[in-house]
Amino acid sequence: MATLESGKWAGGVPVPFAGEVIARNEQLLEDPHLINIDPYNDAWIARVKPDEPQHALDNVKTGVEALAALEAWIKRYGVQCMRCSE
């Protein structure tokens with residue numbers, strides 16, 4: 001849906017389903033820094049209408065399953081937190 005760049009990282013912002021973008025956040029286009037301040041409220045990126053709403057979240061992981069998937073991704077790509085390193 002988008003590319004996000006921050007410091008030394010750039011990567012895609014995925015959508016877990018096929019669909020159509022029906023709105024984009026113009027405020028975020030004018031002030032990209034909002035994504036760092038309020039990503040779950042005012043800094044939303046886009047509104048997407050799923051092609052199959054009943055299956056849109058079938059591939060979304062939560063809880064322990066999400067943590068395990070994130071840890072596997074971190075190991076696979078060798079991601080390191082610059083603030084966490086000694």
Side-chain angles (χ1 to χ4, degrees):
M1 169 171 57
T3 300
L4 184 64
E5 297 182 21
S6 176
K8 296 181 181 187
W9 179 86
V13 178
V15 177
F17 53 81
E20 174 186 3
V21 174
I22 58 172
R24 67 182 189 178
N25 188 347
E26 299 294 333
Q27 184 180 6
L28 190 58
L29 290 172
E30 293 172 17
D31 185 7
H33 181 63
L34 286 176
I35 199 83
N36 297 323
I37 299 168
D38 197 13
Y40 299 108
N41 293 300
D42 291 337
W44 58 274
I45 297 172
R47 301 204 192 283
V48 181
K49 179 181 176 185
D51 289 345
E52 296 183 47
Q54 66 276 19
H55 296 292
L57 302 179
D58 287 355
N59 294 319
V60 174
K61 294 174 177 23
T62 60
V64 174
E65 188 180 22
L67 290 173
L70 179 58
E71 287 176 359
W73 185 87
I74 288 169
K75 287 178 184 174
R76 178 175 42 230
Y77 294 104
V79 175
Q80 295 180 342
C81 174
M82 300 308 285
R83 291 183 183 180
C84 303
S85 61
E86 297 178 18

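Model, not experiment: these values are computed from the prediction. This chain uses plain numbering: 1 for the first residue, then up along the sequence.
- In the hydrophobic clustering (ILVMFWY side chains linked at under 4.5 Å, chained through shared members), I74 is joined by L70, W73, Y77, V79.
- If you run side chain to side chain contact (heavy atoms under 4.5 Å, CB included) between I45 and each of L28, L29, V21, only L28 comes through.
- Note on residues 17-29: pairs passing side chain to side chain donor-acceptor pair (under 3.5 Å), not counting sequence neighbours, are R24-E26.
- Hydrophobic clustering, defined by side-chain heavy atoms of Ile, Leu, Val, Met, Phe, Trp and Tyr closer than 4.5 Å, groups V60 together with L57.
- Counting all heavy atoms, side chain and backbone alike, P50 lies closest to P53 at O-CD, 3.7 Å.
- Applying the side-chain contact (heavy atoms from CB on, under 4.5 Å) criterion to V15, with sequence neighbours excluded, gives M1, F17, V48.
- For E71, there are no side-chain contact (heavy atoms from CB on, under 4.5 Å) partners two or more places apart in sequence or in a different chain.
- Shown here are the side-chain contact (heavy atoms from CB on, under 4.5 Å) partners of A66, two or more places apart in sequence or in another chain: K61.
- Within the structure, side chain to side chain donor-acceptor pair (under 3.5 Å) pairs that include any residue of residues 42-52 do not occur (at least two apart or interchain).
- In terms of the side-chain hydrogen bond (donor to acceptor under 3.5 Å, both in side chains) criterion, residue partners of D58 (sequence neighbours excluded) are, by chain and number, H55.
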